[in-house]
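In listed order, ligands and their atoms are each counted from 1. Everything quoted here is computed from the prediction, not taken from an experiment. FYI, side chains are in, hydrogens and waters are out, and symmetry mates aren't considered; it's all heavy atoms of this structure.
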Amino acid sequence: MRAFAALSVFGLFTGVRCLSYEIASTIPWTPKAPSSVDQSTVYNGTYYLADRTNSMVHVVDLSTSQNKPPISGFKGQAYTKNKTDSSISGPDGLIVLPNLNELYVGDGDGSVKVIDLLTGHIVSNISTGSTKRADEFAYDPQTQTVVVTNPNDDPPFVTIISAAKREVSGRILFHNASGLEQPAFNAVNGMFYVSVPSTDTNPGGEIAEINVSSKSISKVIPLSECIPAGIAFGPMQNLFVGCSQDQILDYGMARSQVLDIATGKVIANISGIAGIDQVVYNPTKMLYYASAYQNLAGGNKSGKPNPQLAVIDAANNTLIQTWATDNTTAHSVAVDVQNNLVAVPIQKEGIVVYNLTIASSGTLNATTSAKPTSTAISSGGHSHEPNMYIAGVLAFLYIFQ
Ligand SMILES: *[C@@H]1O[C@H](CO)[C@@H](O)[C@H](O)[C@H]1NC(C)=O
Ligand SMILES: *[C@@H]1O[C@H](CO)[C@@H](O)[C@H](O)[C@H]1NC(C)=O
Ligand SMILES: *[C@@H]1O[C@H](CO)[C@@H](O)[C@H](O)[C@H]1NC(C)=O
Ligand SMILES: *[C@@H]1O[C@H](CO)[C@@H](O)[C@H](O)[C@H]1NC(C)=O
Ligand SMILES: *[C@@H]1O[C@H](CO)[C@@H](O)[C@H](O)[C@H]1NC(C)=O
Ligand SMILES: *[C@@H]1O[C@H](CO)[C@@H](O)[C@H](O)[C@H]1NC(C)=O
Ligand SMILES: *[C@@H]1O[C@H](CO)[C@@H](O)[C@H](O)[C@H]1NC(C)=O
Ligand SMILES: *[C@@H]1O[C@H](CO)[C@@H](O)[C@H](O)[C@H]1NC(C)=O
Ligand SMILES: *[C@@H]1O[C@H](CO)[C@@H](O)[C@H](O)[C@H]1NC(C)=O
Ligand SMILES: *[C@@H]1O[C@H](CO)[C@@H](O)[C@H](O)[C@H]1NC(C)=O
Ligand SMILES: CC(=O)N[C@H]1CO[C@H](CO)[C@@H](O)[C@@H]1O
């Protein structure tokens, strides 16, 4: 275990923060509007989106809203019995390794493509040994360890890759799991966690802690009635757990959760938000973004489709804003933590970039974040009404060695 120190600073902020997302730009689809995309991410102001329909990773400069040359060389959208089969399509999940300037992308043939971001070229093709997709990633920069899920194998497994050697170093099998969703790296304790939608023992899902040294599952945190998909670490060891549409279909409710991974306890329920796939965290503003693209009105399986992007304040685990998206491509969400832009692919529109505007009589900077004391939640619609609230300051400072 690595040494760490965590320091919380509470203070008073004398301003009124007005949080509001507006559409800043829409990047039209090229060469054509996709019907199947997967994950996205932003690095150094450049947006990367896995697009199966066009067999490419889109590369967009968010400062100019201009497409840069896409990365090609992926399997593309595959079909079984004339229906899109995402288990053998790619590109799928992706992650940037900032200290290596590399992008790892899962493909539909079980391979992981390594892209040198300075040239935009695929420099390695690592086989996970599966003929089905290599999917979602997490990364530990200190040990240069990548983990990637192979969710469609029987049993599903996680592949461990040494990023220094670009070689597979092992795998961890998940017996009796229905699949695997997002893995995440916990920088506080140096462990990886995997979102497991459902197992025989925990039908509502679990978060599995894995030990990449012993190549085993070291701890299981059962979830109640969630069937999770995307997860993301926020402040301290808080983990946002996005529950899927199966929660609504199987349990007749919609609520996602925030866990304290140190204790395994649920510290907050985010009511009304399910049908989530990708989740991301913005440490600059202490906000989670959840792509609730398969949300259904009223958490009712007969409810109308209510696809939303949900913004949750990580300072007090409160839903602060939602806006309407779609139930096709909007399961992907990425945040530019330097410029506070959020990008969501909308099939009928393009890659829609939302801008966080803050009207404030005080000052906010990168180490501060408002703690709301009142809120107005806009439910759906394209209104993007501002949520006004008096702000306090909650700053978390982590020192890693
Ligand atoms: C986002 O909003 C800020 C503040 O209103 C503005 O300065 C900035 O130019 C906007 N960015 C984009 C990409 O529209
Ligand atoms: C597959 O789908 C296409 C387009 O929807 C249709 O034209 C074709 O007949 C279908 N083929 C089969 C075997 O169902
Ligand atoms: C990203 O930014 C860092 C810091 O400025 C720089 O060292 C790195 O080369 C950049 N990488 C890419 C792919 O732009
Ligand atoms: C990448 O590896 C896969 C095996 O995982 C193989 O099927 C595929 O042909 C390779 N692609 C390239 C471009 O080498
Ligand atoms: C992980 O496994 C290694 C090797 O078996 C062991 O030394 C270490 O204590 C384990 N870590 C945790 C947190 O269980
Ligand atoms: C979350 O909701 C569950 C019921 O679904 C309840 O048992 C639990 O106490 C709630 N936890 C918190 C922290 O509100
Ligand atoms: C769910 O929706 C259906 C159809 O609108 C309605 O009949 C039913 O009462 C709803 N169930 C609940 C628990 O609200
Ligand atoms: C997606 O939303 C559209 C528009 O509301 C609806 O017609 C369609 O049935 C939905 N598809 C799924 C798979 O829920
Ligand atoms: C941001 O806040 C920190 C902590 O209060 C302070 O040290 C720093 O100078 C501030 N930076 C700016 C640009 O205001
Ligand atoms: C979080 O902030 C909201 C909005 O200001 C407020 O209504 C709520 O009481 C706060 N909740 C907690 C647990 O601090
Ligand atoms: C209930 C059930 O299916 N249990 C299985 C879990 O996985 C182990 C290992 O593959 C099987 O032996 C069990 O039968």
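Remark: ligand 3 atoms within the under-4.0 Å shell around heavy atoms of Leu117 are 13 (C). Within the listing of ligand 6, atoms 13 (C) sit less than 4.0 angstrom from a heavy atom of Ile267. When each atom of ligand 6 is checked for a heavy atom of Val266 under 4.0 Å away, the hits are 13 (C).
Any N or O atom pair closer than 3.5 Å counts here, and Gln257 shares no such pair with ligand 6.
Nearest protein heavy-atom contact of atom 14 (O) of ligand 3 is Asn44 ND2, 2.9 Å. The nearest heavy-atom contact from the protein to atom 2 (O) of ligand 6 is Asn269 ND2, 2.3 Å. Scanning the protein heavy atoms around atom 8 (C) of ligand 8, the nearest turns out to be Asn327 ND2, 3.8 Å. Atom 9 (O) of ligand 3 has its closest protein heavy atom at Asn101 ND2, 3.3 Å.
Between Cys243 and Ser256, the shortest heavy-atom contact is N-OG, 3.1 Å.
Only side-chain heavy atoms of Leu118 come within less than 4.0 Å of ligand 3; its backbone N, CA, C and O stay farther off. The proximity of Arg255 to ligand 6, defined as any non-hydrogen pair under 4.0 Å, is limited to the side chain.
Distance screen at 4.0 Å: atom 4 (C) of ligand 8 has no protein heavy-atom neighbour inside the cut-off. Distance remark: protein heavy atom present below 4.0 angstrom from atom 11 (N) of ligand 3.
In this pair, Tyr104 and Phe137 present their aromatic rings perpendicular. The plane angle is above 60°, beyond the 30 to 60° band. The aromatic rings of Trp323 and Tyr21 sit tilted, their planes meeting at an angle between 30° and 60°.
Checking side-chain atoms of Ser162 against main-chain N and O of Ser169 turns up no donor-acceptor pair under 3.5 Å. Side-chain N or O atoms of Ser332 include one that pairs as donor or acceptor with a backbone N or O of Ser40 at under 3.5 Å.
Side-chain contact between Tyr48 and Leu117 is present, with heavy atoms from C-beta onward closer than 4.5 Å. Side-chain contact check for Tyr139 versus Val96: every heavy-atom pair is 4.5 Å or farther apart. A heavy-atom distance below 4.5 Å is not found between the side chains of Val279 and Gln182.
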